[in-house]
Amino acid sequence: MSIVINNLNYTYSPRTNFSKVALKDITFEIKEGEFFGIIGHTGSGKSTLIQHFNALTPVQSGELIVAGIDLSRPKTSKIDFKKLRATVGMVFQYPEYQLFDATVLGDVSFGPKNLGLEKDEILERAKQAIGLVGLDYESVKDKSPFELSGGQKRRVAIAGVIAMKPQILVLDEPTAGLDPHGKREILDLILTLKESVSKTVIMISHDMDEIARLSDRVAVLADGQLQYLLPPSQLFEKSDSLEKMGLDIPTIARVVKHLNEMGKNVPHDIFTVEHAVEYFSKTIKNKNQ
Amino acid sequence: MREMTFGQYYPAESVIHKLDPRLKIVLTLAYIVTIFFVNNFLAFGVVFIFLLSLVFLSSVPIRMILKAVRPIMYIIIFTAILNLFWGVDGTRVWNWWFITIYREALFNTALLMLRLMFLVMGPALLTLTTTPMDLTDGIERLLSPLKVVRFPVHELALVMSIALRFIPILMEETDKIIKAQKSRGANFDSGNIFKRAAALIPILIPLFVSAFRRAEELALAMDSRCYKGGKGRTRMKLLKFSLTDFLAVLGFIIFVLCIVAIRVHFMHIIPVH
C-alpha cells in the first residue's frame, strides 16, 4: 500500500500563455505505515501533488503507482476509480464545506453508498466512523450537519471519508481555522485513525509544530520541486534554507537555535515540547547531582 | 475546471486594451450595425482588413478570435445549408434529382456565413481586450442618463460586477466540491439522466450554502465600510477620452465611409441580394 512517484510533472493550462508549472520532476516513495508530512509555501504544488493520489488530477507525465494501481497509463488500462478511492481517502481543506445531506448519517453514508456496499454494511460503517471521530452516534445521526458547531462539522466530514475505510488517508491542512483546543483534538483524532483504520497517513500542514510532532518523514516542496525529504530531526536543522522558502521551524527548534547562538550546547534534534522537557529536566538533574 | 477562465479577457498592453471602455462598447455596437450594411465580397474584404488590423494592434492571437466563432459554427452551417436551397431563380449551377442550387443562392450563402462570422468576431475582440470590470464600468456610464427616470443604474452595475467578480470564486469552489465528492466515490459521468441529476445534489447544496455565506460576508464588509448605494459616490478611476480614443473614432469613421462608398459605387459589379 505504498505510493511510488517517479518524475512526476504537472502544468496548469499547458500550451497557453497563462500556463503554470505546478510540479517539476517529483520523485519519492511513501511507504506503508508511514506518517508522511508535506510542507511548502502556498502555491508550491502540495495540493496538486496530493490530488494525484486518487486521480482527481490526471498524470500528465511521469509515473505514479498508488497501492499497486498504476495511474500513469490511464489509456492502456482503465483505472478502477472505485477501488482507488476506497483505498485513498482524501480530506480536503475545510472539509465541512462539502457536507450536503439532510442528516449526519446520510452524509457519512454517502461514501460507502457510492462504493456499492450492502445496506447493513453501510449503516455499520457509518456508525463506526461517527463513533471513531468522537461524536455520539445516537444524538447526532438525525441532526442536520448544518446545525452542528464548526469543529463537529469537520468531524462529520472526516467521518464521511473514514466510512470508506481507506488504507491511505490524505489530509490537506486538517487543522486550518480551528482554535488550539480544536487543533489538538483533530490531531489526536488523526493519530487514533492511523492506529485503527488508515495505516498510512499523509498530511499537509503549515504548522511546523504539528509536522514535527507527528511525521516520520517530511517532504518540502518549493516552486513545484522537491527540496528535501527528511525525518523532522534532520529537516529542522536546516532552518536557514527553510526560512528562505518562506517556511517556519517548530517553536522548540527556534528556542534551541537561540540557546545555541547564546553559546549553550543543546542538541539540534530537539523540536517537540515533550522531547525538550525530557532533555532539560535530565540536564538540570545532572547539574544538581 | 481551474483551467477555465471566465470571460475571455486576454491580458496585454496594447492601444486597443487602453481605449476607453465606453467608446469600445459604442464602437462595437456601431460595428455590428455596419456589418448589416455589408452586402458584397469587396466590402467584406474591407471588414476583414479592418478587423485584422485591430487584432494586430491588440496583440491578441488570431486563434483567440477564431475561438469565438467555434460555439456558433453549427448555427452558421445550419443556416448556410437552409439558405443554400432557398433561392428559386437565377442561374443554375448544380442539379440533382429535385435539388437545384442557383448561383445567387451560393453567393448569398457565402455572404451570410461571412456576416455571421464577422458579427461574432467584433464583440469577441471587445471582451478579449476589456476586463469585465471595465466593461461594467463602461455600461454603467453609458446608461447613466437613465438615472433621470430613476432607473437604478449604479445598483445594476454593482450587481453585475459582483456577479462577474464571484464567478471565478464560485467556479473554484465548485471545482473543490466536485473533487471532494469524487474522492468520496461520487460518479457524475454514468447512469441515466435522473441518476445524473441526482448526482448533482451533493455539489449544488454545498455550493449554495457557500454562496449565501459569501454573500452575507460581503454584505457585512460593505456595510462596515459605510457603503450606501450610488448617491453621492465618487469614483477612483475616472474615464477620460484621450488622443488614441479620438484616433480610434477617426479610424472607425473611415472604415464606415469605405463600406458606404462600396455599397453606393460597386453594387453593379458584384451580386447583391
Side-chain angles (χ1 to χ4, degrees), chain A residues 11-20 22 47-48 50-51 53-57 81-102 106-117 144-146 153 157-164 166 169-170 172, chain B residues 1-14 58-64 67 128 131 168-191 195-214 216-217:
Chain A
T11 309
Y12 282 107
S13 319
R15 293 183 301 277
T16 64
N17 21 349
F18 359 89
S19 75
K20 196 183 162 294
S47 297
T48 313
I50 60 161
Q51 283 177 15
F53 295 164
N54 69 2
L56 292 173
T57 303
F81 285 109
K82 240 184 217 171
K83 192 177 156 215
L84 178 67
R85 282 166 187 162
T87 315
V88 183
M90 188 82 89
V91 177
F92 280 86
Q93 252 175 65
Y94 296 97
E96 56 273 26
Y97 292 157
Q98 42 168 294
L99 299 174
F100 69 94
D101 206 280
D107 212 291
V108 176
S109 312
F110 182 66
K113 233 183 243 168
N114 288 328
L115 295 182
L117 300 171
S144 159
F146 297 104
K153 273 187 207 167
I158 294 177
V161 176
I162 291 305
M164 296 172 77
L169 184 63
V170 185
D172 192 349
Chain B
M1 177 100 59
R2 195 192 283 194
E3 301 179 2
M4 248 155 87
T5 40
F6 176 74
Q8 33 171 358
Y9 181 64
Y10 182 88
E13 293 269 321
S14 82
S58 71
S59 59
V60 173
I62 292 182
R63 179 170 53 87
M64 299 285 284
K67 243 184 179 172
L128 279 164
T131 61
I169 292 178
L170 290 179
M171 294 260 276
E172 205 172 298
E173 192 99 22
T174 315
D175 181 39
K176 265 194 212 157
I177 296 168
I178 288 178
K179 279 182 172 160
Q181 308 299 29
K182 261 190 183 169
S183 70
R184 290 213 273 165
N187 188 349
F188 305 113
D189 312 316
S190 67
K195 266 194 183 152
R196 281 189 200 204
L200 289 179
I201 292 171
I203 298 171
L204 289 179
I205 289 177
L207 190 62
F208 270 101
V209 170
S210 109
F212 280 117
R213 186 170 40 84
R214 283 181 192 281
E216 208 173 307
E217 278 167 9

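FYI, side chains are in, hydrogens and waters are out, and symmetry mates aren't considered; it's all heavy atoms of this structure. Within every chain, numbering begins at 1; the chains are lettered A, B, ... in the order of the sequence lines, protein sequences first and strands thereafter.
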### Query
So does B:Phe208 have more than 12 non-hydrogen atoms from other groups sitting under 6.0 Å from CZ?
no
### Message
List the residues meeting side chain to side chain contact (heavy atoms under 4.5 Å, CB included) with B:Ser14, not counting sequence neighbours, and say none if there are none.
### Response
B:Ile16, B:His17, B:Ser58, B:Ser59
### Query
Is B:Lys176 paired with A:Asp172 through a side-chain N to carboxylate O contact shorter than 4.0 Å?
no
### Task
Tabulate, in ascending numerical order, the residues of residues 108-117 of chain A having at least one heavy atom closer than 4.5 Å to a heavy atom of chain B, or enter 'none'.
A:Phe110, A:Gly111, A:Asn114
### Query
Do B:Ser183 and A:Leu56 come within less than 4.5 Å of each other through their side chains, counting heavy atoms only?
yes
#### Entry: Contacting region of A:Asp101 [heavy-atom separation from chain B under 4.5 Å]
neither
### Query
In residues 83-98 of chain A, which residues are in contact with chain B at a heavy-atom separation under 4.5 Å?
A:Arg85, A:Met90, A:Phe92, A:Tyr97, A:Gln98
### Message
Are more than 12 heavy atoms, taken from residues, nucleotides or ligands other than B:Ile169, located less than 6.0 Å from that residue's CD1 atom?
### Response
yes
### Message
Between B:Tyr10 and chain A, with a heavy-atom cut-off of 4.5 Å, which part of the residue counts as in contact: side chain, backbone, both or neither?
### Response
side chain
### Query
Are there more than 12 heavy atoms of other residues, nucleotides or ligands under 6.0 Å from atom CD of B:Glu217?
yes
### Task
Any chance you could measure A:Asn54, atom CG, to B:Lys179, atom NZ, to the nearest 0.5 Å?
10.5 Å
Quick one: side chains of residues 196-205 of chain B, donor-acceptor pairs under 3.5 Å with protein atoms, not counting sequence neighbours, listed by atom name and distance.
{"from": "B:Arg196", "atom 1": "NE", "to": "B:Gly191", "atom 2": "O", "distance (Å)": "3.3"}
{"from": "B:Arg196", "atom 1": "NH2", "to": "B:Asp189", "atom 2": "O", "distance (Å)": "3.1"}

### Query
Does any heavy atom of chain B fall under 4.5 Å from the side chain of A:Ser19, the backbone, both, or neither of them?
neither
### Task
Heavy-atom pairs under 4.5 Å with chain A are the metric here; pick the option from B:Ala186, B:Pro206, B:Ser210 that has the most.
B:Pro206
